[in-house]
Amino acid sequence: MSTTAPVTDVTERHRFNIPRLAAYLADAVEDFGADLSVQQFQGGASNPTFLLTTRQGDSEARYVLRKKPPGDLLASAHQVDREYKVMKALGQTDVPV
């Protein structure tokens, strides 16, 4: 049984520049891969979450991207930078992130 949330095409409201993201990640992530594909997870919390898939030879790699939603936000809401700090700290432990 799969526990993966359903994914769909990125909604119009949450679209972004995929070629620009691919270029950035190719520079920032070792062995990022090619042919970036982006889908959006459905449901979940208020920060839009995306499944990124790249081709690496005969296999594929998957990544998750979260971003702030568009529009005006409360100062304390949608702090994906706070999530990043926590995940970065946990990445140095045995806790999977």
Side-chain angles (χ1 to χ4, degrees):
M1 177 164 114
S2 175
T3 58
T4 303
V7 293
T8 63
D9 291 337
V10 177
T11 63
E12 182 68 34
R13 180 171 190 244
H14 295 123
R15 287 202 176 133
F16 52 88
N17 187 323
I18 293 173
R20 186 173 172 193
L21 175 65
Y24 170 79
L25 292 174
D27 286 339
V29 177
E30 186 176 339
D31 298 324
F32 181 67
D35 301 328
L36 175 62
S37 168
V38 179
Q39 294 177 293
Q40 185 172 358
F41 286 102
Q42 298 304 298
S46 55
N47 287 327
T49 306
F50 305 90
L51 172 64
L52 310 180
T53 306
T54 63
R55 182 180 43 78
Q56 294 181 331
D58 293 334
S59 62
E60 67 178 27
R62 292 180 167 189
Y63 305 87
V64 173
L65 171 72
R66 290 175 53 88
K67 72 179 197 80
K68 291 181 181 182
D72 295 330
L73 306 174
L74 298 172
S76 62
H78 310 289
Q79 293 189 359
V80 292
D81 53 336
R82 179 181 54 205
E83 291 179 14
Y84 168 77
K85 289 176 186 175
V86 171
M87 288 189 290
K88 186 175 181 183
L90 288 173
Q92 305 302 315
T93 71
D94 292 335
V95 176
V97 292

For this session: Flag the pair Gln56 / Asp31 as yes when at least one side-chain heavy-atom distance between them is below 4.5 Å, and no otherwise.
Result: yes
For this session: Output, in order, the C-alpha distance, side-chain angles, deciding distance and verdict of side chain to side chain donor-acceptor pair (under 3.5 Å) for Thr11 and Gln40.
Result: CA-CA 7 Å; Thr11 63; Gln40 185 172 358; 3.2 Å; yes
Show every donor-acceptor pair shorter than 3.5 Å between a side-chain atom in residues 16-28 and any protein atom, with sequence neighbours excluded, or say none if there are none.
unit_1: Asn17; atom_1: OD1; unit_2: Arg20; atom_2: N; d: 2.9

Exercise. If you group Ile, Leu, Val, Met, Phe, Trp and Tyr by side-chain heavy-atom gaps below 4.5 Å, do Val10 and Leu52 land in one group?
Worked result: yes
Exercise. Is the backbone of Asn47 close enough, under 3.5 Å, to the side chain of Thr49 for a donor and an acceptor to pair up by distance?
Worked result: yes
Exercise. Which heavy atom of Gln42 sits nearest a heavy atom of Thr8, and at what distance?
Worked result: NE2-OG1, 2.7 Å
Exercise. Is Tyr63 close to Leu51 at the side-chain level, that is, under 4.5 Å between some pair of heavy atoms?
Worked result: no
Exercise. Take atom NZ in Lys67; do more than 12 heavy atoms of anything else shown fall under 6.0 Å from it?
Worked result: yes
List, one per line, each side-chain donor-acceptor pair under 3.5 Å for residues 87-97, sequence neighbours excluded.
unit_1: Thr93; atom_1: OG1; unit_2: Leu90; atom_2: O; d: 2.6
unit_1: Thr93; atom_1: OG1; unit_2: Val95; atom_2: N; d: 3.1

For this session: Report the residues that fulfil side-chain contact (heavy atoms from CB on, under 4.5 Å) with Ser37, sequence neighbours left out, ordered by chain and then residue number.
Result: Thr53
Exercise. Going through the checks in order, is the side chain to side chain contact (heavy atoms under 4.5 Å, CB included) test met by Asp35 and Thr54?
Worked result: CA-CA 6 Å; Asp35 301 328; Thr54 63; over 6 Å; no
Exercise. Between atom NE2 of His14 and atom CZ of Phe50, what is the distance when rounded to the nearest 0.5 Å?
Worked result: 6.0 Å
Seminar exercise, completed: Rounded to the nearest 0.5 angstrom, the CZ-CZ distance for Arg55 and Phe32 is 12.0 Å
